[in-house]
Amino acid sequence: MLQGMFKKTYTLIGEVHQAQQARKAPEGEKPNVPEGMWKKCNQCGRPIYAEDVRQQFYICPKCHAYFRVPARKRLEQVLDEGSFVEFEETMPFVNPLDFPGYEKKLESSRERTGLDEAVVTGKGTIEGQPAVIGVCDSRFLMSSMGHNVGEKIALAVERATREKLPVILFACSGGARMQEGLVSLMQMAKTAAALKRHHEAGLLYVSVLTDPTTGGVTASFAMLGDIILAEPGALIGFAGPRVIEQTIGQKLPEGFQRAEFLLEHGFVDRIVKRPQMREELSRILSFHDRAAQKAGSVPAAASNEVPPSASPVVPLSAAEQPGSGEKRGLQGGPDAAPDAGKEAGPEEKGRSAWDIVTLSRSPKRPVASDYIQALFPDFYELHGDRYFKDDGAVIAGLATFYPKGQQDGTRQEGIPVTVIGQEKGRSAKENQVRNFGMPSPDGYRKALRLMKQAEKFGRPIVCFVDTPGAFCGMEAEERGQGEAIARNLFEMADMKVPVLSILIGEGGSGGALALAVANEVWMMENASYSILSPEGFASILWKDSRLAQKAAEVMKITAADLKEMGLIERVIPEEEPAEKKHVEKIAGDMKEMLGEFLSRYLRLSGEELARQRYERFRNM
């Protein structure tokens with residue numbers, strides 16, 4: 001209560017003082033603000049109560065600009081109280097160039113910050129989940145990376161590798177430390193090498209980019225995260241704006257090199273506001289909990305079988321292999337008898353192949369995100385290909401699968417999965433962002449990045465395929481559309497985790513196949529899957545696109561046709577044509593089928609999964 005009264009009093013004093021200064025100040029000059037208890041925001045210029053800033057995550061309460069956070073305060077914001085154990089609190093002084101005045105400069109930084117170096121490393125927990133963590137502090141020589149900074153980070157990562165722990169690094173730096181010359185530059189390679197060993201051990205690394213992250217730090221540990229987060233508005237780049245302008249005289253546009261710019265250009269997974277950072281990190285750690293990813297850890301509710309985790313791993317029999325070439329019923333699945341549950345084909349239901357093409361293209365049809373939301377309520381979207389762009393035509397991220405009939409409990413009871421979908425827009429505005437569901441090379445590279453990450457962490461992959469085809473514009477060709485699709489086919493063929501692809505609408509040519517090199521491919525009853533559009537087929541073979549309806553019949557592109565030919569494993573019935581109002585019902589059926597799929601395939605080793613997938617396509 002007293003603290004509140006004092007705060008109100010000081011607020012009033014500050015406002016009166018500001019008004020007095022404003023009256024005295026010559027026109028055009030900013031008023032002076034009292035030092036200490038009151039500070040001035042360097043963004044909006046308004047006086048702010050310092051304690052408010054500290055209590056509100058170092059964010060200006062007036063304009064919401066972000067201030068730089070001292071390392072130990074950052075640790076308090078993110079870690080469970082009392083859980084932090086520091087590594088290497090002190091390091092011997094290093095001056096490889098015998099640079100004059102360097103030691104005195106370091107001593108000054110130590111006195112001012114209370115830190116031994118520009119990074120604090122240690123181990124702690126976030127909502128009970130352990131991690132090794134490092135935080136750079138810009139107050140210490142602008143958090144430049146010298147020998148001791150690189151050494152502390154490398155030692156922390158090596159310890160995390162030995163103890164099989166994830167690593168979280170908060171980057172903030174002006175770059176390499178000039179006073180240490182080439183020795184400073186070598187810390188880039190040292191930290192990258194340590195992270196490579198951590199990566200090869202199958203462990204998670206989360207990089208958090210704060211303002212500013214530039215120079216050698218950007219070109220080393222900061223940009224190597226499995227998942228890269230950034231704070232809003234953070235300056236992130238190899239060469240800072242001042243360096244670019246002074247070196248080549250190029251004036252940079254507003255917003256260039258900011259976090260939002262990097263998200264748009266595919267280099268950042270998510271922008272996270274500071275108050276939500278602890279929660280976001282906790283979610284990421286929970287998806288990667290190694291205990292939830294043990295081979296074969298399928299909950300008993302997923303099937304009527306004894307959970308594979310409680311029994312020896314048994315390879316699928318020859319009869320169970322989906323690529324064995326036997327004809328299965330329309331409902332399909334390796335456990336179905338050859339003619340069991342066979343439904344009427346489209347002709348018997350009074351629908352032609354062209355009718356199905358029309359239904360597969362219907363704007364009323366649910367899009368990938370509709371099914372993802374219904375099947376995976378905790379879906380956590382990630383962004384970017386790490387090369388050029390974040391393609392809106394492909395959505396991808398992490399999720400937990402809870403088998404049908406099981407109550408959602410702790411994440412450990414579910415199965416972590418990676419989910420990827422080709423996404424069409426529902427409106428003209430959405431279609432601009434989604435490019436009508438036609439991925440560019442960046443979309444395929446984003447999908448592949450997430451698939452390789454899934455393979456690293458042992459997560460099954462579920463793909464939702466719905467595209468009229470890969471984007472065929474000039475810029476797509478310039479960035480290597482053919483190579484991007486080919487690379488997906490090449491890498492997916494040998495994935496060491498289960499892969500399931502579900503065609504929910506259109507499956508257009510190689511643009512669809514790039515997400516459908518799977519252990520099993522399923523199709524919605526009114527989906528289509530073709531070498532190219534019927535219009536294109538008719539134009540090429542008969543020189544008349546008006547014969548598209550006839551082409552649709554000849555091409556055999558319906559689910560029933562492709563099931564009969566042995567090119568897909570299962571047809572998902574649509575009692576009524578799929579529309580958004582029926583998503584929950586369809587997703588319920590999918591959930592049961594997906595539980596069965598995971599129950600079968602998570603029993604297989606990585607080599608068996610790759611071999612089954614190879615034989616599936618080899619027999620076509």
Side-chain angles (χ1 to χ4, degrees), residues 262-270 360-373 376 379-399 418-454 461-489 491-492 501-518 524 527-530 532-533 536 580:
L262 269 76
L263 179 67
E264 181 185 345
H265 285 80
F267 294 100
V268 168
D269 281 295
R270 293 172 78 96
S360 75
R361 296 172 173 177
S362 170
K364 294 181 180 179
R365 201 165 181 84
V367 295
S369 56
D370 294 323
Y371 291 110
I372 291 171
Q373 187 177 354
F376 312 103
F379 177 67
Y380 187 81
E381 188 174 359
L382 301 175
H383 294 270
D385 65 344
R386 296 288 192 273
Y387 290 101
F388 182 79
K389 186 183 174 185
D390 181 50
D391 184 358
V394 174
I395 58 174
L398 315 177
T418 289
V419 183
I420 300 165
Q422 291 168 325
E423 179 81 345
K424 292 181 177 179
R426 297 184 185 87
S427 64
K429 187 176 180 181
E430 276 192 18
N431 271 318
Q432 263 194 315
V433 174
R434 305 295 183 190
N435 198 31
F436 298 87
M438 296 184 289
S440 295
D442 328 295
Y444 293 115
R445 289 172 181 141
K446 172 167 67 171
L448 183 58
R449 178 176 77 84
L450 269 292
M451 289 184 208
K452 297 299 286 184
Q453 190 182 104
I461 299 166
V462 181
C463 297
F464 293 91
V465 179
D466 186 13
T467 179
F471 183 54
C472 57
M474 184 175 71
E475 58 269 42
E477 293 300 316
E478 287 175 339
R479 297 200 296 278
Q481 185 70 286
E483 190 279 338
I485 293 171
R487 185 64 51 185
N488 276 31
L489 308 185
E491 296 290 351
M492 290 182 75
S501 294
I502 306 173
L503 280 96
I504 58 173
E506 288 183 277
S509 193
L513 182 61
L515 291 188
V517 181
M524 299 288 294
S528 62
Y529 192 9
S530 59
L532 81 169
S533 69
K580 190 161 184 179

Participant: Where is the tightest heavy-atom contact between G469 and P439, given as atom of each residue plus distance?
Facilitator: O-CD, 3.9 Å
Participant: Can you label the angle between the F376 ring and the F464 ring as parallel, tilted or perpendicular, going by 30° and 60°?
Facilitator: perpendicular
Participant: Quick one, S369 and R434 - any side-chain contact, counting heavy atoms below 4.5 Å?
Facilitator: no
Participant: Among residues at least two apart in sequence or on other chains, which ones pass side chain to side chain donor-acceptor pair (under 3.5 Å) with D466?
Facilitator: K424
Participant: Rounded at 0.5 Å granularity, tell me how far CG in D385 sits from NE2 in H265.
Facilitator: 10.5 Å
Participant: Please step through side chain to side chain contact (heavy atoms under 4.5 Å, CB included) for the pair T418 and L398, ending with a clear verdict.
Facilitator: CA-CA 5 Å; T418 289; L398 315 177; 4.2 Å; yes
Participant: Closest approach of S440 and D391, non-hydrogen atoms and distance?
Facilitator: N-OD2, 2.7 Å
Participant: Can you tell me how far the CG atom of L489 sits from the CG atom of L515, to the nearest 0.5 Å?
Facilitator: 9.5 Å
Participant: Taking all non-hydrogen atoms of both residues into account, name the closest pair between Y444 and G511 and its distance.
Facilitator: OH-O, 2.8 Å
Participant: Quick one: closest heavy-atom pair of S360 and R365, and the distance?
Facilitator: O-CD, 3.6 Å
Participant: Could you pull out all residues at least two apart from E491 that satisfy salt bridge (Lys or Arg N to Asp or Glu O under 4.0 Å)?
Facilitator: K452
Participant: Mark yes or no for whether S362, through its side chain, and K364, through its backbone, hold a donor-acceptor pair below 3.5 Å.
Facilitator: yes
Participant: Drop me the distance from M492's CE to S501's OG, to the nearest 0.5 angstrom.
Facilitator: 5.0 Å
Participant: Does R270 have any salt bridge (Lys or Arg N to Asp or Glu O under 4.0 Å) partners at least two apart in sequence or in another chain, and if so, which?
Facilitator: E280
Participant: To the nearest 0.5 Å, how far apart are CZ in F436 and CD in Q422?
Facilitator: 16.0 Å
Participant: More than 12 foreign heavy atoms under 6.0 Å from CD of Q373: is that the case here?
Facilitator: no
Participant: Apply salt bridge (charged side-chain N to carboxylate O under 4.0 Å, His left out) to the pair D370 and R426, showing each step before the final yes or no.
Facilitator: CA-CA 11 Å; D370 294 323; R426 297 184 185 87; 2.4 Å; yes
Participant: How long is the span from the CG atom in D442 to the CZ atom in R479, to the nearest 0.5 Å?
Facilitator: 4.0 Å
Participant: What's the separation between atom CD in E430 and atom CG in N435, rounded to the nearest 0.5 Å?
Facilitator: 13.5 Å
Participant: For L382 and Q453: C-alpha separation, side-chain torsions, deciding distance, then whether side chain to side chain contact (heavy atoms under 4.5 Å, CB included) applies.
Facilitator: CA-CA 12 Å; L382 301 175; Q453 190 182 104; 4.1 Å; yes
Participant: Do the side chains of R445 and K389 get nearer than 4.5 Å, heavy atoms only?
Facilitator: no
Participant: Is the number of heavy atoms from other residues, nucleotides or ligands within 6.0 Å of CZ (F379) greater than 12?
Facilitator: yes
Participant: Is there a side chain to side chain contact (heavy atoms under 4.5 Å, CB included) between D269 and R386 once you walk through the steps?
Facilitator: CA-CA 9 Å; D269 281 295; R386 296 288 192 273; 2.6 Å; yes
Participant: Carefully, step by step, assess D390 and K446 under the rule side chain to side chain contact (heavy atoms under 4.5 Å, CB included).
Facilitator: CA-CA 7 Å; D390 181 50; K446 172 167 67 171; 2.8 Å; yes
Participant: Hey, does the side chain of T467 reach the backbone of G437 with a donor-acceptor pair shorter than 3.5 angstrom?
Facilitator: yes
Participant: Ignoring hydrogens, what is the shortest heavy-atom contact between A447 and I420? Give both atom names and the distance.
Facilitator: O-CD1, 3.6 Å
Participant: So among Q481, E475, M474, which one has a side chain to side chain contact (heavy atoms under 4.5 Å, CB included) with E477?
Facilitator: Q481
Participant: Which atom names give the shortest non-hydrogen contact between I504 and P366, and what distance separates them?
Facilitator: CD1-O, 4.3 Å
Participant: I'd like to know if the side chain of E423 and the backbone of A368 have a donor-acceptor N/O pair within less than 3.5 Å.
Facilitator: yes
